[in-house]
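Worth knowing before you read on, the calculation uses all heavy atoms, side chains too, and leaves out hydrogens, waters and symmetry mates.
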Amino acid sequence: MKDDHPHLSRLRLMLAAVMVAGFAVSCEESKEHIAPAIHDRDSVSVMTSYGVNTLVSDSGVIKYRIVTERWDVNQTRQPSRWTFIKGLFLEQFDEQFHVQLYVQADTAWYYDQKKLWELRGRVRVRNLEGLVFTSEELFWDGYSHELYSYQFSRLVTPERTLQGTYFRSDERMTRYTVSNSKGSFEKSDMEDNHAAPADTAKQKGDSISFTPPVRQVARPRAATSANMSNP
C-alpha cells in the first residue's frame, strides 16, 4: 500500500504558505480606523465660563458689565472672538462709571480685534432718555462708536414710535437715523417751530433723522446764557 503521508505534508506546507502570504497582503492593505475630530481645532473654545457677572475694561477704563450664563473665549479662531450662546445682558459705562446703555440679546459675539459686537435674536437696548430699541439684529462698532442694523427695527421714545428696515445711531442712541420708516410723530416734529426748543425731524425720501433737543441753561444775570446739547 502506497504511503500518502509525504503528499499530505507537502499539501499542508503549501496551504500554510498561502495563508502566510494572504495574511501579509491583508496587513499591508489594512488601514488604521480613526474617527475624525468632532470640531476643528480653531473652532474649539480656549476658555469657557459659566454664571458670569463681571466688569470689562479697555485701556484701563471700565467699559462694560457683562452678565451671561455662558461665555466662550476663542483666541485661535480668526477673527478671535467672545461668544455668548446662552444670552447676554450688558451695561455700558461712561468715563465716570455712569451707566449709559442697557443691552440684551439672545446670542452675541464680540470680535475683540475689530471691537465689534454682533447681537442676534431678541435684541433690546434702552438708554437714559427712555428710548427703547428692539430688533432681531444689531451691530455695535467700537471704533466708529456707532450702532447699526439692516433688519426691521422699532424705536419707542416718550414722544414717538418709529419703525424701519435700516437703523444707524451714535453710541448713546441720542442721534439716530431710520430708513424705510413708518410710525407716529408729534405735530411739532414735522413743523419748523422756533418758539421753543424741540426735537428736530428732517425727512428726505424714506429716511428720518432725529437729533436731541437743545436745552437752555440758566445763568446769573451778569453772565451770558449758553446752549448745551444732550450728553
Side-chain angles (χ1 to χ4, degrees), residues 31-128 131-155 164-179 231:
K31 296 181 179 179
E32 186 177 5
H33 297 283
I34 300 176
I38 297 176
H39 300 288
D40 295 334
R41 176 172 175 77
D42 65 354
S43 66
V44 179
S45 297
V46 175
M47 182 189 75
T48 300
S49 303
Y50 297 92
V52 177
N53 184 343
T54 187
L55 299 174
V56 178
S57 62
D58 183 5
S59 302
V61 179
I62 295 177
K63 293 290 187 180
Y64 314 106
R65 178 191 299 278
I66 290 177
V67 180
T68 183
E69 183 178 339
R70 175 172 172 170
W71 180 3
D72 295 288
V73 177
N74 191 322
Q75 298 295 333
T76 60
R77 192 170 182 180
Q78 295 300 320
S80 58
R81 66 199 64 190
W82 304 346
T83 303
F84 306 88
I85 61 173
K86 295 291 187 178
L88 172 72
F89 174 77
L90 182 146
E91 294 176 334
Q92 183 210 15
F93 302 107
D94 64 7
E95 293 78 6
Q96 286 75 40
F97 201 57
H98 299 145
V99 177
Q100 297 299 308
L101 284 181
Y102 300 92
V103 181
Q104 289 177 281
D106 288 341
T107 309
W109 296 265
Y110 178 68
Y111 306 97
D112 53 346
Q113 295 175 353
K114 299 180 179 181
K115 291 189 176 182
L116 177 66
W117 284 94
E118 179 182 351
L119 309 169
R120 298 283 181 178
R122 291 170 294 182
V123 181
R124 181 181 177 90
V125 180
R126 180 167 62 88
N127 70 0
L128 296 182
L131 180 147
V132 177
F133 168 92
T134 55
S135 181
E136 292 294 314
E137 168 197 270
L138 182 64
F139 294 93
W140 185 352
D141 192 324
Y143 282 116
S144 64
H145 302 287
E146 288 185 322
L147 298 98
Y148 56 92
S149 175
Y150 301 100
Q151 298 293 331
F152 178 81
S153 303
R154 180 182 175 90
L155 290 86
T165 56
Y166 173 75
F167 168 79
R168 184 173 293 272
S169 168
D170 68 323
E171 202 168 43
R172 295 183 181 179
M173 281 196 172
T174 56
R175 296 174 176 85
Y176 46 85
T177 299
V178 180
S179 296

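Taking every heavy atom of both residues into account, A105 and L119 meet most closely at CB-CB, 4.0 Å.
With rounding to the nearest 0.5 Å, the separation of OH in Y150 from OG1 in T165 is 11.5 Å. Going from atom OG1 of T83 over to atom CH2 of W71 covers 11.0 Å, rounded to the nearest 0.5 Å. Between atom CG of residue L147 and atom CE of residue M173 there is a gap of 5.0 Å, rounded to the nearest 0.5 Å.
Within the 4.5 Å cutoff, no side-chain heavy atoms of F139 are placed close to those of D141. When side chains are defined from C-beta on, F97 counts as touching L55, because their heavy atoms get closer than 4.5 Å. The shortest side-chain heavy-atom distance between F167 and F133 falls under the 4.5 Å cut-off. At a threshold of 4.5 Å between non-hydrogen side-chain atoms, the residues E171 and Q100 do not count as touching. Considering only heavy atoms from C-beta on, T134 comes within 4.5 Å of R154 through its side chain. A heavy-atom distance below 4.5 Å is found between the side chains of V52 and T68. Side chains of W82 and I66 form a contact here, defined as non-hydrogen atoms less than 4.5 Å apart. Looking at heavy atoms from C-beta onward, R172 lies out of side-chain contact with L128 at the 4.5 angstrom threshold.
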For residues 85-93, please give each side-chain donor-acceptor pair under 3.5 Å, one per line with the distance, not counting sequence neighbours.
unit_1, atom_1, unit_2, atom_2, d
E91, OE1, R65, NE, 3.1

Side chain to side chain contact (heavy atoms under 4.5 Å, CB included) between Y176 and L131, intermediate numbers included: CA-CA 11 Å; Y176 46 85; L131 180 147; 3.4 Å; yes
Side chain to side chain contact (heavy atoms under 4.5 Å, CB included) evaluation trace for R70 with D72: CA-CA 7 Å; R70 175 172 172 170; D72 295 288; 2.9 Å; yes
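The backbone N or O of N74 lies less than 3.5 Å from no partner atom in the side chain of S80, so there is not a single donor-acceptor pair. Side-chain N or O atoms of R81 include one that pairs as donor or acceptor with a backbone N or O of P79 at under 3.5 Å. Judged purely by atom type and a 3.5 angstrom limit, S149 uses its side chain to pair as donor or acceptor with the backbone of E137.
For residues 99-117, the pairs satisfying salt bridge (Lys or Arg N to Asp or Glu O under 4.0 Å) are D58-K115, D106-R122, with sequence neighbours left out.
Relative ring orientation between W140 and Y64 is described as perpendicular, the plane-to-plane angle rising above 60° on a 0-90° scale split at 30° and 60°.
Under a cut-off of 6.0 angstrom, the local environment of CZ in R120 is crowded, with over 12 non-hydrogen atoms contributed by other residues, nucleotides or ligands.
Between W109 and F84, the gap from one ring centroid to the other reaches at least 6.0 Å.
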